**Student:** 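Dropping a structure here in structure tokens format, bear with me for questions.
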Amino acid sequence: MYKNILLSLIACGSLVTATAQEHTMELTLGQTIERARRQSPDAQTAQHSFRSAYWNYKYYKANYLPALKLTSDPYLNRAINKVTMGDGSVKFVEQNLLSTDLTLSLTQNIPWTGGTLFVETSAQRLDLFSDHSTSWQTSPINVGYSQSLFGYNSLKWNRRIEPLRYREAKKTYVETLELVAANATQKFFALATAQSNYEIASTNYANADTLYTYAQGRYNIGTITENEMLQLELNKLTEETNRMNAHIEVENCMQELRSYLGIQEDVLIKVDVSDHVPNLQIDLNAALITARQNSPDILNMQRRKLESESKVANARANAGLKADLYLRFGLTQTGDKLKDAYHNPLDQQYVTLGISLPILDWGRGKGQIRVARSNRDLTYTQVEQDKTDFELNVRKLVKQFNLQSQRVHIAARTDETAQRRADVARRLYILGKSTVLDLNASISEKDAARRNYITALYNYWSLYYTLRSLTLYDFEKDAPLTETERIEEVMDEMIKK
């Protein structure tokens, strides 16, 4: 009977252990970053932004392609209307007619001039129900052109701005993925710090409890004072509180990391912090050149300058002489039957020229131009300052990163030394060759050294991914970050939808 109970307990224990293992997830920094790049809210937002930029670019490209359009505007008129007669008199006449039409047109925008060329064919049928008659009017072919002679040519400016905007969007998407990696790194090491603090607190509590138990025996035989005994009891209570606080912090950091990685299950996450860091030394001049070539911030500056020039051109066009030209040449004919309306068509021409010249506008036109120029000059100044700040930021980060690898190695050695010193201080205290103050100092130094080591690792990887986001360059592989595969994945998803 006892044997069966023991086997049942062992089976239950195995089941609990298996269940706990199923709900525990171990993540390295690389795995955390990869999950964040695919499932984090920031990554999803970046994908939506890129999709929007992609369709805006498709819309822009479509403006320079031929457009074929079929239109119809039928109407039924059965009413008494006021009609002007042939002799100039006006009468109320009862009308009962149906008009149907169909027009097929092909249009093409001309980017160099900003005009529009079109070719169309149309047919219209008119049914008079009052006298049961039908008539047709056809235009077998019409060729026309419309042009603003002195207006703002949006097609020309968009041709310079929109490709730049799309290139910026692609690079911004890649940059955002690197910033996602930096954010994931921060949350990863926040949990690593919390778990390390919990391990430290647990170890310290176990040691404090052992020392307190040992001190009770020494106190009973009178080898330590009551003050030292109370100090050890206080240490035990403090470490117990620290352990509870550390456990709460672990839960909070774990929940934040789960949320960022898009993990819906209530799983336990244990982060695996690697001690290895690449021993990279980044050349400052090479980093600056790479940043100028790859960063979307540089394209953003170029686009802002072009947009300011475009606004000046628009203000000039609106302030001066305006002229709109419309030309149309073609053939037309009428008939009682459709085939008669295509027989011996007559030529037709239609030309209009609209001119608008401001004579007295109280300086509104000049004011608009001066405002646009002032905004352009302001944009140029801001761009130059942004460029300077950008390069200074790259310089600062490169210098910090090149020192951070050495800081990690020093922090690792400090952590190891502090751990050894704490072990020695504990043994010396047990042997009665050290004071409780020296023991507490060694424990504090050990804990601080461990936290500083994790902080040094976090600073290294944070600087690394921040530099990657600024330069869009993989310094380990010595290759630019294009993320072609990810962009293609997003575009494939758009095509499927």
Side-chain angles (χ1 to χ4, degrees), residues 17 19-46 176-206 239-278 400-401 404-405 407-409 411-412 414-416 418-419 443-444 446-469:
T17 303
T19 304
Q21 290 176 349
E22 288 177 359
H23 290 80
T24 301
M25 177 185 297
E26 291 192 6
L27 288 177
T28 63
L29 178 60
Q31 292 170 340
T32 301
I33 289 174
E34 186 61 27
R35 276 180 171 267
R37 283 174 171 169
R38 294 187 178 276
Q39 300 175 195
S40 69
D42 292 341
Q44 298 295 325
T45 301
T176 303
L177 291 180
E178 295 306 312
L179 294 176
V180 165
N183 290 336
T185 300
Q186 184 272 325
K187 298 182 188 304
F188 176 89
F189 277 99
L191 180 56
T193 301
Q195 290 181 347
S196 176
N197 289 338
Y198 181 72
E199 292 174 0
I200 290 172
S202 299
T203 303
N204 290 345
Y205 173 72
E239 295 300 340
E240 186 174 7
T241 303
N242 291 340
R243 187 179 66 169
M244 289 188 294
N245 293 336
H247 180 71
I248 294 173
E249 184 64 20
V250 167
E251 291 294 328
N252 293 337
C253 292
M254 191 182 303
Q255 178 60 38
E256 187 174 352
L257 182 59
R258 275 199 302 255
S259 175
Y260 192 71
L261 297 183
I263 299 175
Q264 303 296 330
E265 301 84 3
D266 190 17
V267 298
L268 297 177
I269 297 178
K270 182 175 178 57
V271 295
D272 181 13
V273 180
S274 173
D275 295 334
H276 171 73
V277 294
Q400 290 178 351
F401 178 80
Q404 193 60 36
S405 177
R407 289 175 179 171
V408 170
H409 293 310
T414 303
D415 177 47
E416 182 181 355
Q419 180 66 48
I443 292 173
S444 297
K446 170 183 69 71
D447 297 347
R450 185 60 185 175
R451 294 186 183 100
N452 290 337
Y453 175 58
I454 295 178
T455 300
L457 285 172
Y458 163 65
N459 289 335
Y460 179 91
W461 290 111
S462 178
L463 288 169
Y464 177 72
Y465 285 108
T466 302
L467 270 176
R468 279 169 57 115
S469 71

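Worth saying up front: this structure is predicted, and the values here are computed from it rather than measured. FYI, side chains are in, hydrogens and waters are out, and symmetry mates aren't considered; it's all heavy atoms of this structure.
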**Student:** How far apart are the closest heavy atoms of A43 and R37, and which atoms are they?
**Tutor:** CB-O, 3.3 Å

**Student:** Once you round to the nearest 0.5 Å, how far does CD of E34 lie from OG1 of T28?
**Tutor:** 10.5 Å

**Student:** With a 4.5 Å cut-off on side-chain heavy atoms, are R35 and I263 touching?
**Tutor:** yes

**Student:** Once you round to the nearest 0.5 Å, how far does CG of L268 lie from OG1 of T24?
**Tutor:** 4.5 Å

**Student:** Looking at Y198, is its backbone amide N or carbonyl O close enough to the side chain of S202 to form a donor-acceptor pair, meaning the two atoms are under 3.5 Å apart?
**Tutor:** yes

**Student:** Please name the pair of heavy atoms, one in A192 and one in V273, separated by the smallest distance, quoted to 0.1 Å.
**Tutor:** CB-CG2, 3.5 Å

**Student:** Considering non-hydrogen atoms only, spot the tightest contact between P278 and W461 and give its length.
**Tutor:** CD-CH2, 3.5 Å

**Student:** With rounding to the nearest 0.5 Å, note down the distance linking CZ in R468 to CG in L177.
**Tutor:** 10.0 Å

**Student:** Do you see a donor-acceptor pair shorter than 3.5 Å between the side chains of N183 and Y465?
**Tutor:** no

**Student:** When you measure from the side chain of Q195 to the backbone N and O of I269, does any donor-acceptor pair fall under 3.5 Å?
**Tutor:** yes

**Student:** Taking the side chain as C-beta and beyond, is there a heavy-atom pair between T32 and L257 under 4.5 Å?
**Tutor:** yes

**Student:** What pairs meet the salt bridge (charged side-chain N to carboxylate O under 4.0 Å, His left out) rule with one or both residues in residues 192-206, with sequence neighbours excluded?
**Tutor:** E199-K270

**Student:** Classify the ring geometry between Y464 and Y460 as parallel (under 30°), tilted (30 to 60°) or perpendicular (over 60°).
**Tutor:** parallel

**Student:** Within the distance-only criterion (no hydrogens, no angle test), does the side chain of Q419 pair as donor or acceptor with the backbone N or O of K446 below 3.5 angstrom?
**Tutor:** no

**Student:** Taking atom OG1 of T185 and atom CG of L179, what is their separation to the nearest 0.5 Å?
**Tutor:** 11.0 Å

**Student:** Over all heavy atoms of both residues, which pair between L261 and Q39 is shortest? Give the atoms and the distance, please.
**Tutor:** O-NE2, 2.8 Å

**Student:** Would you find a donor on one side and an acceptor on the other, under 3.5 Å apart, between the side chain of D415 and the backbone of A411?
**Tutor:** no

**Student:** Which heavy-atom pair separates L457 from F189 by the least distance, and what is that distance?
**Tutor:** CB-CE2, 3.7 Å

**Student:** Give the minimum heavy-atom separation between R450 and S196, together with the two atoms involved.
**Tutor:** CG-OG, 3.4 Å

**Student:** Once rounded to the nearest 0.5 Å, what's the spacing between atom NE2 of H247 and atom CD of E249?
**Tutor:** 11.5 Å

**Student:** Give a yes or no on whether the backbone of Q255 and the side-chain of S259 come within a donor-acceptor separation of less than 3.5 Å.
**Tutor:** no

**Student:** Does the side chain of F188 reach to within under 4.5 Å of the side chain of I33, using non-hydrogen atoms?
**Tutor:** no

**Student:** So, do L467 and E178 sit near enough that their side-chain heavy atoms are less than 4.5 Å apart?
**Tutor:** no

**Student:** Just by modelled atom types, is the T466 backbone N or O under 3.5 Å from a matching donor or acceptor in the S469 side chain?
**Tutor:** yes

**Student:** Sub-3.5 Å donor-acceptor pair from the side chain of R451 to the main-chain atoms of N197, do we have one?
**Tutor:** no

**Student:** Would you compute the distance between atom CE of M254 and atom CE of M25 and round it to the nearest 0.5 angstrom?
**Tutor:** 11.0 Å

**Student:** Are R243 and E239 ion-paired here, with the side-chain N under 4.0 Å from a carboxylate O?
**Tutor:** no

